[in-house]
Structures are given as structure tokens and as C-alpha cells.
2 protein chains.
Amino acid sequence: MNSICSQSTDSEACKRCKGRYCATKVSLFKSLEESQLKAVTDRIVQKNYEKNQMVFFEGDKSDKLYLINRGKVKIFKYNRDGKEQILYILSEGDFIGDISLFKQVELRFNAQAIDDVNICELTKDDFEEIIKENPEIALKILQSSYDRIEKLESLVQSLSNKDVEARIAGLLLSFIKDFGVPGESEILLNLPLSREDLANYIGVTRETISRKLGSLQDEGILRLEGNKRIVILDLEALEEKYI
Amino acid sequence: MNSICSQSTDSEACKRCKGRYCATKVSLFKSLEESQLKAVTDRIVQKNYEKNQMVFFEGDKSDKLYLINRGKVKIFKYNRDGKEQILYILSEGDFIGDISLFKQVELRFNAQAIDDVNICELTKDDFEEIIKENPEIALKILQSSYDRIEKLESLVQSLSNKDVEARIAGLLLSFIKDFGVPGESEILLNLPLSREDLANYIGVTRETISRKLGSLQDEGILRLEGNKRIVILDLEALEEKYI
DNA sequence: CGATAGTTTGATCTTCGTCAATGGGGGTGG
DNA sequence: CCACCCCCATTGACGAAGATCAAACTATCG
């Protein structure tokens with residue numbers, strides 16, 4: 001999912017075209033024809049959220065579909081001890097809100113912008129209208145809900161792992177898959193999350209993350225560059241930690 | 001989901017009718033008319049699995065839909081340290097296999113009978129045929145996949161809880177919801193799982209489960225009756241532990 | 001260049017896992 | 001009908017690993 005639209009020029013274009021690009025970007029609408037795409041686009045309202053701003057809160061009435069157009073959004077709940085448990089990191093092309101469209105009336109989690117984020121919003125009614133006109137979208141929703149199930153199952157798998165090092169390895173590997181930039185022998189990883197968020201993802205404290213990343217660096221598996229960049233030096237060794 | 005068909009008489013009927021009852025029992029097929037129901041029934045193959053028998057294995061080719069007709073089935077994976085991580089407990093009326101029907105070719109988890117189990121099996125091809133004839137089933141699949149997502153999200157929530165007592169409380173509460181029999185002031189809970197399985201569900205050891213259940217008993221919150229029965233004495237206190 | 005939020009490091013405490021021994025209940029065979 | 005056995009659960013002692021609290025450090029941005 002390497003963002004064309006995250007370049008500034010294109011995001012300019014996005015504004016001009018009133019969200020058309022974001023509709024094409026979302027896999028849900030990829031199959032639509034030009035005219036239908038226009039119908040979707042006309043119903044979309046674009047919004048910008050700046051870094052750390054909340055997109056919605058747990059308990060909010062769920063009456064919209066949110067399509068991520070640019071940036072990243074973290075979806076999380078608070079657990080018993082008041083810490084965030086991150087469930088998903090959504091990027092460009094992903095969408096959320098669907099679950100509640102057919103069933104729930106309240107959102108079951110919080111959504112917060114990680115970057116500066118541009119989101120296309122579609123009301124529940126409009127969305128259902130679109131589905132009626134294009135029933136094949138329902139199948140795509142099903143598809144994407146399976147993707148979500150898979151993500152959750154592997155998160156469960158990871159959380160059930162006692163060994164914290166294995167959990168971190170798993171987290172890094174999944175980030176590499178999503179956001180990694182392969183070099184000649186190394187892989188550059190621009191972390192979308194702070195240490196604290198990393199910790200919240202795999203259910204440990206930020207101190208533990210620090211220590212474990214430190215020891216992975218000592219072992220020569222990776223190199224930490226500032227707070228937001230990690231260079232993976234030995235992918236195989238990292239995979240070994242996870243398996 | 002209180003089982004009519006788990007009574008012996010009815011399960012006799014099930015055999016005679018060649019699976020018709022199991023088709024009606026499954027929410028997927030509830031909307032079907034008599035004639036369509038018959039079409040489904042004719043394609044179903046019933047199988048019995050005895051306690052602890054495996055229904056399928058992770059990595060098996062996924063070419064069937066499994067509808068639970070009687071009994072309970074646990075769905076699990078093995079994690080890095082070789083222990084089971086239980087993902088779902090399926091009972092009568094639930095089904096599994098759907099996820100792989102449209103996408104994967106390999107099952108991503110193991111299924112094992114907890115009780116003596118009766119399962120109706122439907123091939124992938126037959127199922128797709130049925131969906132074509134009854135498109136409204138697709139929507140039900142979507143619905144049930146949302147249910148699954150909810151289950152997983154709350155499992156994640158629970159696993160991310162450091163406090164083991166809270167995790168156990170959460171597990172008990174979810175069992176109460178599914179299998180609890182309310183009395184006058186107490187709630188009787190017939191556990192579907194062994195101590196070891198309970199432990200595998202929330203990612204701790206069986207010894208820890210024993211100790212924590214013991215201390216909940218000491219606090220007067222519940223009473224242990226043998227290995228498979230728990231009487232909940234103070235539901236509010238239990239909920240307090242979870243919140 | 002300085003302020004500040006985020007990160008790392010250290011020392012101590014708590015909790016759960018591990019290993020080993022004991023206990024009990026249900027089913028089977030005498 | 002009882003005794004025995006086996007499986008499962010419980011209990012105890014100990015150690016390891018991560019949480020917590022506190023302090024030092026550093027990246028980043030104005």
C-alpha cells in the first residue's frame with residue numbers, strides 16, 4: 001500500500017476532485033464503473049484530522065463509514081488497568097465502521113490519528129444505498145471482514161505467546177510486511193508508532209519494549225536510528241525469534 | 001441456543017431425517033423455505049466424532065463447511081511454546097469453515113470435539129451452489145463473521161489484561177452468558193472445558209487457574225463442585241473483578 | 001540553543017511459571 | 001458393592017521475567 005496520494009501534489013489533487021481518488025483507492029469501490037464511482041464520490045465528505053486527534057470514541061453512535069485516504073489511524077480500546085489495547089493500525093485504503101453498519105449502534109473502540117490524516121466519510125444511509133445499487137460490494141465487505149478476522153487471530157496468537165521477545169519479533173515482522181522498505185541487504189522500517197504504542201499493541205510496558213529492542217540491537221539483529229526508524233540487519237534471525 | 005436436539009429422542013430424530021434438523025438449527029439456513037431446506041439437507045453428510053477426536057487439523061485442505069449439530073467443538077492453534085491457544089468454542093447451531101470457502105485453501109486452526117459431537121458437513125461446491133440459489137445467505141455469513149470478530153476482539157481485550165484474576169472473571173462471565181443456568185440467587189455453570197483448556201483459553205497455566213479459582217472460592221464469590229461445575233454465588237463481585 | 005516530550009537505564013518488587021508431590025473422583029474389574 | 005487405578009486437579013517451594021518507580025538521557029521542534 002505505497003501511497004501515491006500521500007505525496008503533497010496528489011493530496012492537492014484529492015482536494016480538487018472532492019474525494020474521487022479516495023473512493024478509487026478503497027478496495028471496496030475498486031470494481032465500480034465511472035458513473036457509479038461518481039455517485040459514491042458525490043456522497044463523500046472529506047475531513048482532516050491532525051496528529052493525535054481523535055476520529056471517534058468508543059460508545060459514539062455509529063452512523064458513518066470511515067475511509068482512510070491519507071495517513072494512519074490506530075484503533076484501540078482501554079483495558080481494565082486503563083491502558084490502551086491497540087486492535088488495528090489502518091492505513092490508506094482501509095476503512096472502518098462497517099461492522100456497526102448492519103448491526104451495532106455504538107462503536108466499540110476509539111480511533112485516533114497517528115499522522116495527519118485525511119478521511120472520507122460516508123453516512124450509513126448513503127452506504128447502504130450504494131450497496132443496494134452495487135450488490136457486489138457486499139462480497140468485498142465480507143472479504144475485508146475475513147482479513148480483519150485473520151489479523152485478530154494472529155494478534156491473539158501473538159498475545160498468547162508468553163515470550164515477550166517473540167511477540168516483539170512478530171510485531172516487527174508484521175510492520176515490515178506493511179511498511180518495510182527493502183534495501184540491498186537491510187530493511188528500513190519507518191515505525192508508525194511510538195514506543196508506548198508498540199507496547200500497547202503487544203501488551204507490555206514501554207520500558208520492556210526499550211529493553212528488548214536494545215538487546216535485539218546488541219545481538220546485531222537490528223539497528224535503532226532515533227525513535228521512529230529501525231534498520232533490520234538480520235531478517236532471518238528475527239524470524240527465528242518468532243517461530 | 002438451548003439444545004432441543006441434544007436430548008436423546010431428538011437426536012434420534014436427527015438421524016432419521018438425515019440432517020434436516022441440523023440445517024434448520026443453523027442460523028444460516030433459518031430463512032430458507034421448505035423446498036430449499038430440503039435441497040440443503042440432501043447435500044449434507046452427517047458425521048459423529050467422539051470426545052477428544054479431531055474434526056480437522058490446521059493445514060488441512062479446506063473444502064467443507066462444518067455445521068455443529070450436537071455437542072461442542074474447540075477451535076485452537078498451537079503457539080510457539082507448543083501450547084494450545086483456544087480461539088473459539090463452538091456449540092450447536094454454529095458453523096465453521098466459511099472463512100476458507102471464499103479465500104484460503106488451508107485451514108488455519110485445529111478443531112477438536114469436546115463432547116461427543118454430531119456434525120453436518122457440506123462441501124464447498126454445494127455450499128456455493130446454495131448461496132447462489134439463496135443470496136440472502138451471504139448476508140447471514142457476513143453477520144456471523146461480525147459475531148466472530150466481536151468474540152476475537154473481546155478475547156484480545158482479555159488477553160491484554162495483565163491481571164490474571166480479571167481474565168478469569170471475564171472468561172467465567174462469558175461462559176455464564178453462553179452456558180449459565182440461573183437459579184434463585186445463584187447461577188449454575190456447567191463448564192464445557194477442563195482446567196487445562198480454561199488455562200489455554202486465557203493464556204495461563206492450569207496451576208494458575210486452580211489457584212485463582214481457589215481464591216475466588218475463598219472470597220465467597222463462587223463454589224467449586226467437582227471439576228466441571230461451578231456455582232456462582234456473587235455475580236456482582238465477579239463482575240467487579242472484571243471491570 | 002533551549003524546552004519538552006519521549007526514551008532509556010537501573011533497582012526493586014510482584015506475579016506467575018515450573019517442577020514436584022499430593023489429593024480426589026469416576027469408571028472398571030474383581 | 002467395593003477396591004483399585006488413572007486421570008485430572010490441587011498445593012507448595014522456588015526461580016525467572018516483567019512491572020513498577022525513579023532518575024538520567026536525548027531527539028525533536030520551535
Side-chain angles (χ1 to χ4, degrees), chain A residues 50-52 74 79-85 112 114-116 158-169 171 189-219 222-231 241, chain B residues 50-52 74 79-85 112 114-116 158-169 171-172 189-219 222-230 241:
Chain A
E50 51 193 62
K51 185 173 168 167
N52 292 333
K74 73 173 172 186
N79 65 13
R80 180 188 152 84
D81 15 88
K83 284 171 61 178
E84 296 177 4
Q85 172 59 49
Q112 185 178 21
I114 294 175
D115 304 316
D116 289 346
S158 158
L159 286 173
S160 84
N161 237 329
K162 286 285 144 345
D163 184 356
V164 170
E165 209 160 66
R167 276 192 260 172
I168 293 181
L171 185 64
L189 186 56
N190 287 305
L191 281 185
L193 300 180
S194 69
R195 293 285 187 273
E196 178 128 39
D197 282 339
L198 290 179
N200 289 335
Y201 214 145
I202 60 171
V204 296
T205 59
R206 61 179 182 285
E207 293 95 328
T208 299
I209 288 277
S210 270
R211 281 185 250 269
K212 293 295 179 183
L213 285 178
S215 66
L216 287 174
Q217 179 166 236
D218 292 346
E219 291 179 57
L222 50 78
R223 188 173 67 244
L224 302 171
E225 297 191 337
N227 293 334
K228 293 283 187 180
R229 219 163 51 230
I230 295 180
V231 179
K241 296 264 173 193
Chain B
E50 50 192 62
K51 186 173 168 166
N52 293 332
K74 72 174 173 185
N79 66 12
R80 181 189 152 83
D81 17 84
K83 283 172 61 177
E84 296 177 5
Q85 173 60 48
Q112 185 178 22
I114 294 176
D115 303 316
D116 290 346
S158 157
L159 287 173
S160 83
N161 237 328
K162 286 284 145 341
D163 184 356
V164 171
E165 210 161 63
R167 276 192 259 172
I168 292 180
L171 185 64
L172 289 178
L189 186 56
N190 288 306
L191 282 185
L193 300 180
S194 70
R195 293 285 187 273
E196 178 127 40
D197 282 339
L198 290 179
N200 289 336
Y201 214 144
I202 61 172
V204 295
T205 60
R206 62 179 181 286
E207 292 96 330
T208 299
I209 289 276
S210 270
R211 281 185 252 268
K212 293 296 178 184
L213 284 179
S215 66
L216 287 175
Q217 178 166 235
D218 292 345
E219 290 179 59
L222 50 78
R223 189 172 66 244
L224 302 171
E225 296 191 338
N227 293 335
K228 293 283 187 181
R229 219 163 52 229
I230 295 180
K241 296 265 174 193

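What you see below is based on every heavy atom in this structure, not just the backbone, and it leaves out hydrogens, waters and symmetry mates. Values in this document were obtained by computation on a predicted structure and should not be read as measured data. Sequence lines set the chain letters: A, B, ... in the order given, protein chains first and strands last, and positions in each chain run from 1.
Between B:Gln217 atom CD and D:dA9 atom C1' there is a gap of 13 Å when expressed in whole angstrom units. In this structure, the CD atom of B:Glu196 is 14 Å from the P atom of D:dC7, given to the nearest Å. Look at CG on B:Asn161: it is 15 Å from C1' on C:dC16, rounded to the nearest Å. In this structure, B:Asn52 places its CG atom 8 Å from P of D:dC8, rounding to the nearest Å. In this structure, A:Lys228 atom NZ and C:dA5 atom P are separated by 15 Å, rounded to whole Å. Atoms CG (A:Asp116) and P (D:dC29) sit 12 Å apart, rounded to a whole Å. Rounded to whole Å, atom P of C:dC16 lies 14 Å from atom CG of B:Leu159. The distance from atom CZ of B:Arg195 to atom C1' of D:dC7 is 14 Å, rounded to the nearest whole Å.
In this structure, B:Arg167 contributes its side chain and B:Asn161 its backbone to a donor-acceptor pair below 3.5 Å. Put simply, the side chain of B:Asn79 gets close to the backbone of A:Ser160: a donor and an acceptor are under 3.5 Å apart. A distance-only check finds a donor-acceptor pair linking the side chain of A:Asp116 to the backbone of A:Lys51 [under 3.5 Å].
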Where do B:Leu172 and B:Leu222 land on the side chain to side chain contact (heavy atoms under 4.5 Å, CB included) test, with the steps shown first?
-> CA-CA 11 Å; B:Leu172 289 178; B:Leu222 50 78; 3.8 Å; yes
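Of the options A:Leu216, A:Leu198, A:Thr208, a side-chain contact (heavy atoms from CB on, under 4.5 Å) to A:Ile168 is made by A:Leu216 and by none of the others.
Legend: salt bridge (Lys or Arg N to Asp or Glu O under 4.0 Å) pairs involving residues 199-217 of chain A, not counting sequence neighbours, sorted by first then second residue: A:Glu196-A:Arg206.
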Could you write nucleotides 18-25 of chain D as a row of B, S and -, 5' to 3', where a protein heavy atom under 4.0 Å of any base atom gives B, of only sugar-phosphate atoms gives S, and otherwise -?
-> SSBB----
